[in-house]
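Encoded as structure tokens, the structure appears first; notes follow it.
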Amino acid sequence: MPKLDDLFINNREWAESITREQPDFFETLSKQQKPEYLWIGCADSRVPANEIINLLPGEVFVHRNIANVVVHSDLNCLSVIQFAVEVLKVKHIMVVGHYGCGGIKAAMDGQEHGLIDNWLGHIKDVYRFHQQAIDAETDEKRKFDLLCELNVVEQVANVCQTSIVQNAWKAGQELQVHGWVYGINNGLIKDLDVSVSGL
């Protein structure tokens, strides 16, 4: 069985470079976790949350799944949101999709993909809600990009409708929910202007 030695070498080099720049970084990091941000993003390996927004470990709490979906039956995602909001007291939740998302593409292609089709049903619902606008697009890439964006907007609404976020706002907690899309082709984030900061 391979031991993935290269990854251990990479890890040592990374830890040593951080320690050279900030000798007490890991000791300080081990004693606290106070991120202001929760990133809900896609599991795609090309979309690393910390790197995209240029933040160090400890500065962003992250949850990732296929196509950055937030549904009320996903106890994993809801548990992350609850911990981030109630324990860590994050001030911002960013739902971050990305152009070129394989999950979105699979939901659009009309083919069977196995078990994941159950998960993709949530994205197919987003398409159904916005079918007229999406089908009005004549360019296939624009249709794809539009569904990537509309999926983020829908997931922002889902985050806002959780009892966790609703209760935080009722209690007067400072909390904003944002919807962004990341461009893999240029490394830039696009704000979809759907931020919500209260009931």
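Residue numbers run from 1 in the order of the sequence given.
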Practice task
Tell me whether I93 is reachable from V70 by hopping between hydrophobic residues (I, L, V, M, F, W, Y) whose side-chain heavy atoms are closer than 4.5 Å.
Solution key: yes
Practice task
Output the distance between atom CG (D117) and atom CD (E112), rounded to the nearest 0.5 Å.
Solution key: 6.5 Å
Exercise for the section: With rounding to the nearest 0.5 Å, note down the distance linking CZ in R12 to OG1 in T19. Expected result: 13.5 Å
Problem - V159 with L38, same ILVMFWY side-chain cluster at under 4.5 Å - result: yes
Exercise for the section: Look at the side-chain heavy atoms of Ile, Leu, Val, Met, Phe, Trp and Tyr, link any pair under 4.5 Å apart, and say whether V156 and V85 land in one connected group. Expected result: yes
Taking only distance into account, with no hydrogens and no angle test, what donor-acceptor pairs under 3.5 Å do side-chain atoms of residues 144-153 form with protein atoms, sequence neighbours excluded?
from : atom 1 : to   : atom 2 : distance (Å)
D145 : OD2    : K141 : NZ     : 2.6
E149 : OE1    : R142 : NH2    : 3.4
E149 : OE2    : Y99  : OH     : 2.5
E149 : OE2    : K190 : NZ     : 3.1
N151 : OD1    : Q155 : NE2    : 2.9
N151 : ND2    : A67  : O      : 3.0

Handout entry: Gap separating the CD atom of E154 from the NE2 atom of H130, nearest 0.5 angstrom
Key = 5.0 Å
Handout entry: I134 reachable from I123 in the ILVMFWY side-chain graph, under 4.5 Å edges
Key = yes
Exercise for the section: Is it possible for you to say whether I81 and V60 belong to one hydrophobic cluster, with membership spreading through side-chain heavy-atom contacts below 4.5 Å? Expected result: no
Practice task
Mind telling me whether H122 and W119 have parallel, tilted or perpendicular rings, with 30° and 60° as the class edges?
Solution key: perpendicular
Problem - Separation between OG of S30 and CG of D24, rounded to the nearest 0.5 Å - result: 10.5 Å
Exercise for the section: Report yes or no: does N50 contribute a side-chain atom to a donor-acceptor pair with the main-chain N or O of L56 at less than 3.5 Å? Expected result: yes
Handout entry: pair V196-Q176: side-chain heavy atoms closer than 4.5 Å
Key = no
Problem - N186 side, atom CG; L188 side, atom CG - distance, nearest 0.5 Å - result: 4.0 Å
Problem - Polar contact flag, side-chain donor to acceptor under 3.5 angstrom, Y182-D44 - result: no
Practice task
Supply the atom-to-atom distance H72 NE2 to N158 CG, rounded to the nearest 0.5 angstrom.
Solution key: 4.5 Å
Practice task
Please examine the side chains of Y127 and Q131, heavy atoms only from C-beta on, and report whether any two atoms are closer than 4.5 Å.
Solution key: yes
Problem - Atom NZ of K143: over 12 foreign heavy atoms under 6.0 Å - result: yes
Fill in the blank from the handout: Residues pairing under ring pair (Phe, Tyr, Trp, His ring centres under 6.0 Å) where one sits in residues 25-61, two or more places apart or in two chains, turn out to be W14-F26, Y37-H92, F61-F83
Handout entry: Whether N54 side chain and E51 backbone form a donor-acceptor pair below 3.5 Å
Key = no
Practice task
Using modelled atom types only, decide if a donor and an acceptor are shared between the side chain of Q166 and the backbone of C160 within a distance under 3.5 Å.
Solution key: yes
Problem - Any donor-acceptor pair under 3.5 Å from N167 side chain to S163 backbone - result: yes
Exercise for the section: Verify the neighbour count for atom CD of E174: are there more than 12 heavy atoms of other residues, nucleotides or ligands below 6.0 Å? Expected result: no
